[in-house]
Amino acid sequence: MTIAQVFDMMIDIRKRRHTKNDEELIDSFNLRSMMKKRMNTLSGGTIQKVSAALAFLFNPEVLILDEPTAGLDPVAAEILKKKIIAEKQKGKL
């Protein structure tokens, strides 16, 4: 599967079209330029970026993240940390 297919599949499974998806991390991690890449060819860090973007995609009230910055480069780790802090400030758990 490609990155785009994974996102499409998750959106289809959730069927929550009435709310706007949170695509901030897709843009921050520059995943749009990689959407045609196959998941099995990605580095561990890029897989982690895809996973993080999926975790935030549906704007959940509660996030459970296990070592979210593991495998990320320092810039991507900082982007993710800022996103987590911003979501916490919005009152999310």
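Atom set for the values below is all heavy atoms of this structure, side chains included, hydrogens, waters and symmetry mates excluded.
A pairwise comparison of heavy atoms in Leu65 and Phe56 identifies CD1-CZ, 4.4 Å as the closest pair. Taking both residues in full, the closest heavy atoms of Phe7 and Ala53 are given as CZ-CB, 3.8 Å, listed atom of the first, atom of the second, then distance. Taking both residues in full, the closest heavy atoms of Leu31 and Lys49 are given as CD1-O, 4.0 Å, listed atom of the first, atom of the second, then distance. Heavy-atom minimum distance, Pro60 versus Ala55: CG-O, 3.4 Å. Residues Asn30 and Met34 come closest through the heavy atom pair O-CE, 3.4 Å.
Here CD1 of Ile84 is found 12.0 Å from CD1 of Ile79. Values are rounded to the nearest 0.5 Å. With values rounded to the nearest 0.5 angstrom, Asp22 atom CG is found 11.0 Å from Phe58 atom CZ. In this structure, NZ on Lys88 lies 13.0 Å from CG on Leu63, to the nearest 0.5 angstrom.
Surrounding NZ of Lys36 are at most 12 heavy atoms belonging to other residues, nucleotides or ligands under 6.0 Å away.
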Evaluate Lys92 against Glu61 for salt bridge (charged side-chain N to carboxylate O under 4.0 Å, His left out), listing each step before the verdict. CA-CA 5 Å; Lys92 294 186 181 181; Glu61 292 299 317; 5.2 Å; no
Does the side chain to side chain contact (heavy atoms under 4.5 Å, CB included) test come out yes or no for Met9 and Ile13, once each step is laid out? CA-CA 6 Å; Met9 178 184 68; Ile13 288 170; 3.8 Å; yes
Criterion side chain to side chain contact (heavy atoms under 4.5 Å, CB included) on Glu78 and Lys82, from CA distance to verdict: CA-CA 6 Å; Glu78 190 62 30; Lys82 286 180 181 179; 3.6 Å; yes
Determine whether Leu25 and Leu80 satisfy the following criterion, side chain to side chain contact (heavy atoms under 4.5 Å, CB included), listing intermediate values before the conclusion. CA-CA 8 Å; Leu25 287 180; Leu80 183 55; 3.9 Å; yes
Report the C-alpha distance between Arg32 and Glu23 in whole Å, list the side-chain angles of each, state the deciding distance to 0.1 Å, and finish with yes or no for side chain to side chain contact (heavy atoms under 4.5 Å, CB included). CA-CA 10 Å; Arg32 289 198 199 282; Glu23 297 183 0; 2.6 Å; yes
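Looking at Gln5, its side chain does come within 3.5 Å of a backbone N or O of Thr2 through a donor-acceptor pair. Remark: the backbone N or O of Leu72 is not paired with any side-chain donor or acceptor of Thr69 at under 3.5 angstrom.
Placement of Val75 and Ile47 within a single hydrophobic cluster is found when ILVMFWY residues are connected by side-chain heavy-atom separations under 4.5 Å, directly or transitively.
Considering Ile3, Leu54, Leu57, Val50 as possible partners of Ile26, the one that fulfils the side-chain contact (heavy atoms from CB on, under 4.5 Å) test is Leu57.
At a threshold of 4.5 Å between non-hydrogen side-chain atoms, the residues Lys83 and Glu24 count as touching.
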